[in-house]
Amino acid sequence: MSKQYRKTYMEVYLDKIQQNYRTIKECAPGKEVIPVVKADAYGMGAKQVVSYLIGEGHDLFAVATLEEALEIRLLNDTVDVFVMGLINSSDLHTASKKNIVFTVPNEDLYHAVASFDGPLRFHLKIDTGMNRLGFKDYHRAYELMNDLSKRPHLRLEGLFTHLATSDSDESFAQIQIRRFRDFVLKAPFIPPMVHVSNSSAAIKFEKDLDYTTHSRVGISLFGETLEKNLDILDPVFKVKSHIIDIKELKKGDMVGYDLTYEAQEDERIAILPIGYADGVTRKNQGGHVSLNGLKYPIVGRVCMDQMFIKVDETVRKNDIVVLVGDALTPVNEMANRQETIPHEILCQFSKRVPRLYMTNRK
Ligand SMILES: Cc1ncc(COP(=O)(O)O)c(C=O)c1O
């Protein structure tokens, strides 16, 4: 990593990702877990996360785009990389040449695949109710499968669907699970991989998914889940900064853009070199950070590069502050403040925040 001039960074505990993988795998013994490492491994850094996981023996990864797949291919020639999003028909030659497994979710891409004369590896995506990608006409999907079975250079390796409500509406998730089971059971043949689950489903619904072979798991590898009161995963990262200055305020002094905070008495306000350009959004005003095992409130507007916390007499310049990721600053709390889900919190830390990788942390 290049020299770090500003003490604002994200610590990433790579071994905890592998630990979470083991935990999720225990939820469905016998089923394979595909690490989903799209969006730069949910902000943790795909290059480092994937290299680490390859070192741990993983040989299959899922991403969203062909760019992300090619980034992994640069790291390793042999692992399987599966693109879950839609690739362009004009990029089939790249998928073929680089041995990338991709998704066929519609007729247009299917026709391009059917007329391609090189080897291709892909999964068919079935829409069971989310109305995003995937074939809604199951009979048509069977016709395509029959057609494919006559073309050995076109390898249909998997069938999959995606759940719209795995964490929010169990009854709809079960409807999708049943629809996909019917689809699979009536299919002209069953390819080697059949998959439905994301993290929430892998944790909760595997008993209903005995007809599947794999789960595609992202957020839980990175220590988070949308399942409330579930404490089986290890946190994987912390965002830290430090105190660069402390202002002694008099009662009535005001703080930051728009002067939204007014000292109610003589107070100490500390300045941190981290702001919304790093990923601590303005919605975090009113939240808190952790410092020396205590919570301190975020006051005033969060600026682009700096922010303010109200501190007591014990706090000193250079003290380290945790913005998110420890027991006092859990990711789901930041997500609640921002009215979003943990996925978005992990993805929001910008490239300006260096990632420091650690393994075997005690
Ligand atoms: C198609 C698909 N499968 C699996 C996942 C992984 O989901 P999660 O991060 O909730 O495990 C995603 C993520 O959005 C996805 O889009």
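Partners of Arg132 under the salt bridge (charged side-chain N to carboxylate O under 4.0 Å, His left out) rule, at least two apart in sequence or in another chain, do not exist in this structure. Among residues two or more places apart in sequence or in another chain, the ring pair (Phe, Tyr, Trp, His ring centres under 6.0 Å) test is passed with His242 by none.
Of all the heavy atoms in Val194 and Tyr211, the pair that sits closest is CG1-O, 3.8 Å. In plain terms, the two heavy atoms of Pro35 and His58 that are nearest each other are CG-ND1, 3.7 Å. What you find for Arg355 and Ser350 is that their closest heavy atoms are NH1-O, 2.7 Å. For the residue pair Ala95 and Ile87, the shortest heavy atom distance occurs at CB-CD1, 4.2 Å. Smallest separation of non-hydrogen atoms from Arg151 and Ala114: NH1-O, 2.7 Å. Contact between Asp108 and Ser89 at its shortest, heavy atoms only, is O-OG, 4.3 Å.
Interatomic distance, NZ of Lys98 versus CG of Asp91, reported as 13.0 Å (0.5 Å rounding). Taking OG1 of Thr128 as the reference point, atom CG of Leu163 lies at 6.5 Å (rounded to 0.5 Å). Distance check: His288 NE2 to Met334 CE gives 9.5 Å after rounding to the nearest 0.5 Å. Distance CG/Leu75 to CZ/Arg73: 10.0 Å, rounded to 0.5 Å. Between Asp278 atom CG and Tyr9 atom OH the span is 13.5 Å, to the nearest 0.5 Å. To the nearest 0.5 angstrom, Asn318 atom CG is 10.5 Å from Asp245 atom CG.
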Margin query: Using side-chain hydrogen bond (donor to acceptor under 3.5 Å, both in side chains), reason through Thr161 and Gln176 one step at a time and then give a plain yes or no.
Written below: CA-CA 8 Å; Thr161 193; Gln176 285 193 269; 4.6 Å; no
Margin query: side-chain contact (heavy atoms from CB on, under 4.5 Å), that's the test. Do Lys125 and Leu86 meet it? Break it down for me.
Written below: CA-CA 10 Å; Lys125 183 161 191 185; Leu86 176 63; over 6 Å; no
Check: Ile274 and Val321: side-chain contact (heavy atoms from CB on, under 4.5 Å), yes or no, with the steps?
Finding: CA-CA 11 Å; Ile274 182 168; Val321 174; over 6 Å; no
Check: Would Asp253 and Lys247 count as a side-chain contact (heavy atoms from CB on, under 4.5 Å) if you check the C-alpha gap in whole Å, the side-chain angles of each, and the deciding distance to 0.1 Å?
Finding: CA-CA 11 Å; Asp253 281 351; Lys247 289 280 159 67; over 6 Å; no
Margin query: As a quick check of understanding, evaluate side-chain contact (heavy atoms from CB on, under 4.5 Å) for Leu70 and Thr94, giving each step before the final call.
Written below: CA-CA 9 Å; Leu70 295 174; Thr94 304; 4.0 Å; yes
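For residues 321-332, every residue pair satisfying the side chain to side chain donor-acceptor pair (under 3.5 Å) rule, not counting sequence neighbours, is listed here: Ser290-Asp326, Asp326-Thr329. Legend: salt bridge (Lys or Arg N to Asp or Glu O under 4.0 Å) pairs involving residues 178-198, not counting sequence neighbours, sorted by first then second residue: Arg181-Asp210. Note on residues 291-335: no pairs pass ring pair (Phe, Tyr, Trp, His ring centres under 6.0 Å), not counting sequence neighbours. For residues 146-180, the ring pair (Phe, Tyr, Trp, His ring centres under 6.0 Å) pairs, not counting sequence neighbours, are Phe82-Phe160, Phe160-His195.
Side-chain atoms of Gln264 come within 3.5 Å of backbone atoms of Glu262 as a donor-acceptor pair (strictly under, hydrogens ignored). A donor-acceptor pair is defined here as one N or O able to donate and one able to accept, closer than 3.5 Å; no such pair exists between the side chain of Glu333 and the backbone of Pro330. A distance-only check finds no donor-acceptor pair linking the side chain of Asp147 to the backbone of Glu143 [under 3.5 Å]. With hydrogens and angles disregarded, no donor-acceptor distance shorter than 3.5 Å links the side chain of Glu267 to the backbone of Ala263.
Checking each of Glu344, Gln348, Lys283 against Gln338 for a side chain to side chain donor-acceptor pair (under 3.5 Å) leaves exactly one that passes, namely Gln348. Here the options are Glu206, Arg216, His214, the test is side chain to side chain donor-acceptor pair (under 3.5 Å), and the partner is Ser197; only Glu206 passes. Screening Leu156, Leu154, Ile100 for a side chain to side chain contact (heavy atoms under 4.5 Å, CB included) with Leu120, the sole residue that qualifies is Leu154.
At a threshold of 4.5 Å between non-hydrogen side-chain atoms, the residues Tyr42 and Leu221 do not count as touching. Put simply, the side chain of Val49 reaches to within 4.5 Å of the side chain of Phe222, judged on heavy atoms. By the 4.5 Å heavy-atom criterion applied to side chains, Lys31 and Leu209 are counted as neighbours. With contacts defined as side-chain heavy-atom distances shorter than 4.5 Å, the pair Ile203/Ile24 qualifies. Using a 4.5 Å heavy-atom cutoff, the side chains of Val63 and Val37 are in contact. Using a 4.5 Å cut-off on side-chain heavy atoms (C-beta onward), Asp234 and Tyr13 make no contact. Annotation: side chain of Ile309 is in contact with side chain of Leu291 (closest heavy-atom distance under 4.5 Å). Residues Phe349 and Leu323 fail the side-chain proximity criterion, which asks for heavy atoms closer than 4.5 Å.
A salt bridge is defined here as a Lys NZ or Arg NE, NH1 or NH2 lying under 4.0 Å from an Asp or Glu carboxylate O, and Asp80 with Arg121 meets this definition.
Between the side chains of Ser200 and Asn198, no donor-acceptor pair of N or O atoms lies under 3.5 Å. With no hydrogens or angles considered, no side-chain donor-acceptor pair links Ser166 and Lys204 at under 3.5 Å. For the residue pair Glu107 and His111, a side-chain donor N or O sits within less than 3.5 Å of a side-chain acceptor on the partner. Counted by atom type alone, Asp312 and Thr314 present one or more donor-acceptor pairs between their side chains at under 3.5 Å. Side-chain contact check for Asn284 and Thr281: at least one donor-acceptor pair (N or O, by modelled atom type) lies under 3.5 Å.
Sparse packing is recorded around NZ of Lys250, with 12 or fewer heavy atoms of other residues, nucleotides or ligands lying under 6.0 Å away. No more than 12 heavy atoms of other residues, nucleotides or ligands lie within 6.0 Å of OH in Tyr257, so this atom counts as exposed by the packing criterion. In Asp117, the CG atom is not crowded: 12 or fewer heavy atoms of neighbouring residues, nucleotides or ligands sit closer than 6.0 Å. Shown here is Met304, whose CE atom has no more than 12 heavy atoms of other residues, nucleotides or ligands within 6.0 Å.
In terms of hydrophobic clustering, with Ile, Leu, Val, Met, Phe, Trp and Tyr side chains grouped at heavy-atom distances under 4.5 Å, Ile243 and Val280 are assigned to a common cluster. Val113 is connected to Ile126 through a chain of hydrophobic side-chain contacts under 4.5 Å among Ile, Leu, Val, Met, Phe, Trp and Tyr, so both are in one cluster. Grouping the Ile, Leu, Val, Met, Phe, Trp and Tyr side chains by contacts below 4.5 angstrom, directly or via other members, places Leu109 with Phe135. A single hydrophobic cluster is seen to contain both Val289 and Ile246, as judged by linkage of ILVMFWY side chains at heavy-atom distances under 4.5 Å, directly or through other members. Under a hydrophobic clustering in which Ile, Leu, Val, Met, Phe, Trp and Tyr are joined whenever their side-chain heavy atoms come within less than 4.5 Å, directly or via other members, Val196 and Tyr138 fall into the same cluster.
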